[in-house]
Structures are given as structure tokens and as C-alpha cells.
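Here the structure is laid out as C-alpha cells; the discussion comes afterwards.
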Amino acid sequence: MSWAILIPLSIAMGSLGVVAFVWALRNDQFEDPEGNAHRVLLNENPPQMKQHSHDHPATDADNKNT
């Protein structure tokens, strides 16, 4: 490839990276980086989905019969 193509292409890709970084800063993407890292390590159960009245969760008695 020619230098006439590679140099503008690299400048455009670098500019795109800078624009993406500035967008992330303005949209608070870096607001709480430590909080997300610590939440992954918490030993909490995930929130349960709501069950409809016709759904019946499996009980221990149901599992023993199978």
C-alpha cells in the first residue's frame, strides 16, 4: 500500500479513538470503575424473576419422586 493511503488512514483511526474516549468521558463511563470490580466478587444471589400464578417451582418432594 502507498504511504498516501496509510498515513491518512492511521490519522483517521487515531482520531476515531480520541472521539470515542471523549464520548465515554462525557457519558460517565468511567464514573465508578472500582465499584463494578467489587460487585463481581460479592456473594449475593441474583434477583429472582417473578413467577406467574400458573408456574409452580419444583420442591424437594417433587424431586424425590423422579
Side-chain angles (χ1 to χ4, degrees):
M1 290 187 116
S2 172
W3 291 104
I5 295 173
L6 292 176
I7 291 173
L9 183 64
S10 64
I11 291 172
M13 289 177 66
S15 299
L16 183 65
V18 169
V19 168
F21 178 71
V22 170
W23 174 85
L25 282 177
R26 290 188 180 197
N27 288 311
D28 297 328
Q29 297 295 314
F30 303 110
E31 191 66 31
D32 186 20
E34 290 295 321
N36 291 331
H38 293 293
R39 273 192 291 277
V40 170
L41 300 175
L42 292 177
N43 194 13
E44 295 179 358
N45 294 334
Q48 298 292 326
M49 294 181 61
K50 292 182 180 179
Q51 293 182 350
H52 298 287
S53 60
H54 63 275
D55 292 340
H56 300 287
T59 62
D60 289 335
D62 293 337
N63 293 335
K64 289 179 185 176
N65 293 334
T66 57

Is Val22 isolated, or which residues cluster with it under the ILVMFWY side-chain rule of less than 4.5 Å, directly or via members? Val18
Partner set under side chain to side chain contact (heavy atoms under 4.5 Å, CB included) for Asn27, not counting sequence neighbours: Trp23, Gln29
Donor-acceptor pairs under 3.5 Å, side chain of residues 6-16 to any protein atom, not counting sequence neighbours: which ones?
unit_1: Ser10; atom_1: OG; unit_2: Leu6; atom_2: O; d: 3.3
unit_1: Ser10; atom_1: OG; unit_2: Ile7; atom_2: O; d: 2.8
unit_1: Ser15; atom_1: OG; unit_2: Ile11; atom_2: O; d: 2.9

